[in-house]
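What follows is one structure encoded as C-alpha cells, with my remarks underneath.
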Protein chains: 2
Amino acid sequence: MPTTHKDAGADSPVRNPSPGSRRRADAERSVTAILDAALTAFGENPEVSMTGIARAAGVGRVTLYSHFPSREDLLDAVMTHAVQEANAALGAESSPEIPVREALEMLIGSSWRILSRYGRLQPTALRILGPERVREHHDQPLVRVRDIIVRGRREGVIRDDLPESWLVTVFYSLLHAAALEVDAGRLPAETAADTLTTTLLSTLGVST
Amino acid sequence: MPTTHKDAGADSPVRNPSPGSRRRADAERSVTAILDAALTAFGENPEVSMTGIARAAGVGRVTLYSHFPSREDLLDAVMTHAVQEANAALGAESSPEIPVREALEMLIGSSWRILSRYGRLQPTALRILGPERVREHHDQPLVRVRDIIVRGRREGVIRDDLPESWLVTVFYSLLHAAALEVDAGRLPAETAADTLTTTLLSTLGVST
DNA sequence: CATAACCCGAACACTAGTGTTCGGATTATG
DNA sequence: CATAATCCGAACACTAGTGTTCGGGTTATG
C-alpha cells in the first residue's frame with residue numbers, strides 16, 4: 001500500500017475523553033480556530049512553524065499539538081476541511097436536466113469563487129503532502145466535473161477525441177493556473193472568471 | 001526592489017583564483033557533476049540535503065559549498081543551466097516563414113521532449129524559489145511562445161478574444177500538467193504529445 | 001458545585017540541516 | 001617539477017524546528 005492514508009476520519013482531533021462523553025465546546029472552538037488560522041497561515045507562507053500557527057490561532061503550542069500531533073496531520077486536516085466546505089458549496093448543481101453548457105458554466109463559477117478562498121493553499125499542500133495526496137483530496141469534487149463531461153459526451157456536446165481523465169485534469173489545472181495568474185497580477189481579477197469560462201468551454205469542445 | 005536577483009552570472013561558481021588565471025579543469029568537472037546530480041536529486045526529492053547531493057555527485061560536501069554557498073544558490077544555478085540547455089534545444093525554429101500552425105506543433109514537440117528531462121524539477125523549484133522566480137526563469141523560452149501567438153493573431157489564425165499573456169500561461173500550465181499526468185500514470189507516455197498538441201491547438205483557437 | 005476536560009507557559013531532549021574552519025592530500029597546469 | 005588550485009574528511013558551532021513532559025490554572029457541563 002504505497003498511498004499514505006492516515007486515519008482520514010472527520011476533522012481529526014486526537015484527545016479522547018472518557019469513552020462515553022463527547023468533545024467539549026471549547027475544544028471544538030480551539031480546533032476551529034486552529035484550522036482557520038492554519039488555512040491562511042499556510043496560504044501566506046508554506047514555511048510557517050507550528051509555533052507560528054499556534055500564535056496566529058490564539059492558542060497555546062501544546063494545545064495545537066494535542067489536537068494535531070504533527071505538521072502533516074494538521075495540513076491534511078486543513079485540506080479535508082477545505083474540501084468539505086468546497087464540496088458543500090458546490091451543492092447539488094448537477095441535476096441532469098440542466099443543459100451541459102450551463103451546468104459547466106455554473107460549475108466553473110462556483111469553483112472559481114471557492115478557489116479564491118482556498119487556492120493559496122495549493123502550493124503548500126503540494127509541497128508537504130505531495131501531488132498524489134493532493135489529488136486524492138480533490139478527487140471528490142472532481143467527480144462532478146467528470147460526471148458532466150461524461151454526460152456531455154453522451155449528448156455529443158463535448159469532444160470525444162481526448163481521454164476523459166485528461167479533460168478533467170485540464171479543468172483542474174487551468175483553474176489553478178488562473179488563480180495564480182490573478183495572484184501574480186498578470187490577470188485582472190474582474191475578468192478572470194469570464195476568461196476562464198471561455199477558455200474551458202472551447203477546450204472541452206463545447207459547441208459555440 | 002522586491003524581486004530576488006542574486007548575481008545571475010553564468011553557472012555561478014564562487015572560488016576566484018588569482019585574478020589573472022582561469023578555472024581549473026577539475027573544478028569545471030566538479031561543477032558539472034554537481035549540477036547534474038542536483039538536477040536528478042532535486043527532481044526525485046525536493047527535500048534532499050546538501051549532503052545528499054554532494055554524495056550523489058561523488059564530491060565532498062565542502063567542495064559543494066565552495067562552489068554554491070547555499071541551497072538556494074544551487075537550485076537557482078540548476079535552473080539557469082536547465083533553461084539554457086532548453087533554450088538551445090528549442091533552436092531558432094521560429095522563422096516567420098513557417099505557417100503558424102506547424103511552428104506551434106514543432107514548438108510543442110520540442111518543449112515536450114525537453115520537459116521530460118527537466119520537468120520533475122518544477123515542483124522543487126516552485127517550493128524553494130517561489131513561483132515568481134520560476135516564472136522569471138521561464139520567461140526567456142516563453143518569449144518564443146509569445147512571439148508565435150502574436151504572429152498568429154496578426155494573421156488571424158489564433159483567437160483574439162483572450163489576453164495574450166493568458167494564452168501563454170495556458171501553454172505553460174498544460175505542458176506541465178501533462179508531464180505530471182504522465183508521471184502519475186494517468187496519461188500514457190506514448191500518446192501524451194499528441195494529446196497535448198490537440199488540446200493546445202484547439203485552445204488557442206487554431207482553425208482546424 | 002464538583003469534576004473531568006481542557007488550556008497554557010516553561011522547560012527539556014532531540015533531530016537534522018546549515019555553513020565554516022582546519023590541515024593535509026591530490027592534481028592540473030605552465 | 002614546482003606550485004597554485006582544488007579536493008576532501010573531520011570536527012565544530014549554530015539554528016530552527018519538532019515533539020514531550022510537568023504542574024498549575026480555567027471552564028464547560030451535568
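Lettering follows sequence order; numbering is per chain, from 1. These figures come from a predicted structure and were not determined experimentally.
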Residue closer to the 5' end of DNA chain C, A/Arg61 versus A/Ala27 (nearest nucleotide):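 That would be A/Ala27.
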
Residue whose closest nucleotide on DNA chain C lies nearer the 5' end, B/Val48 versus A/Glu28: A/Glu28

Expressed as a whole number of angstroms, how long is the span from [X]:[atom1] to [N]:[atom2]?
X        : N      : atom1 : atom2 : result
B/Arg55  : D/dC8  : CZ    : P     : 14 Å
B/Ile128 : C/dG17 : CD1   : P     : 13 Å
B/Asp73  : C/dT20 : CG    : P     : 11 Å
A/Met50  : D/dG19 : CE    : P     : 6 Å
B/Leu64  : D/dA10 : CG    : C1'   : 17 Å
B/Tyr65  : D/dG9  : OH    : P     : 15 Å
A/Leu74  : D/dT18 : CG    : P     : 10 Å
A/Ile53  : D/dG17 : CD1   : P     : 11 Å

Helix axis bend for the helix from C/dC1-D/dG30 to C/dG30-D/dC1 - C1'-based end axes, five pairs, 10° rounding: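 The angle, to the nearest 10 degrees, is 30°.
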
OP1 or OP2 of C/dC6 under 4.0 Å from side-chain N/O of A/Ser30: no

D/dC7 phosphate, OP1 or OP2, under 4.0 Å from B/His67 side-chain N/O: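 Yes, within the criterion.
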
Listed once per pair and sorted, the side-chain hydrogen bond (donor to acceptor under 3.5 Å, both in side chains) pairs that draw on residues 180-190 of chain B, sequence neighbours left out: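 Only A/Thr169-B/Glu181, B/Arg120-B/Asp183, B/Glu181-B/Arg186 qualify under side-chain hydrogen bond (donor to acceptor under 3.5 Å, both in side chains).
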
Listed once per pair and sorted, the side-chain hydrogen bond (donor to acceptor under 3.5 Å, both in side chains) pairs that draw on residues 29-53 of chain B, sequence neighbours left out: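 Sorted result for residues 29-53 of chain B: B/Glu47-B/Arg127.
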
How would you list, by chain and number, every residue that makes a side-chain hydrogen bond (donor to acceptor under 3.5 Å, both in side chains) with [X], sequence neighbours excluded?
X        : answer
A/Thr124 : none
B/Ser202 : A/Arg159
A/Thr203 : B/Thr203
A/Arg146 : A/Glu164

Nucleotides 21-27 of chain C: protein proximity per nucleotide (B base, S sugar-phosphate only, - neither; heavy atom, under 4.0 Å): B-----B

Flag side-chain contact, heavy atom, 4.5 Å: A/Asp73 against A/His67: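 Side chain of A/Asp73 against side chain of A/His67, heavy atoms only: no contact under 4.5 Å found.
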
Heavy-atom side-chain proximity of A/Leu104 to A/Ile149 below 4.5 angstrom: no

Listed partners of B/Ala193 passing side chain to side chain contact (heavy atoms under 4.5 Å, CB included), at least two apart: B/Trp112

Listed nucleotide nearest any side-chain atom of A/Arg71, set D/dT18, C/dC8, D/dC7: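 Of the options given, the side chain of A/Arg71 lies nearest D/dT18.
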
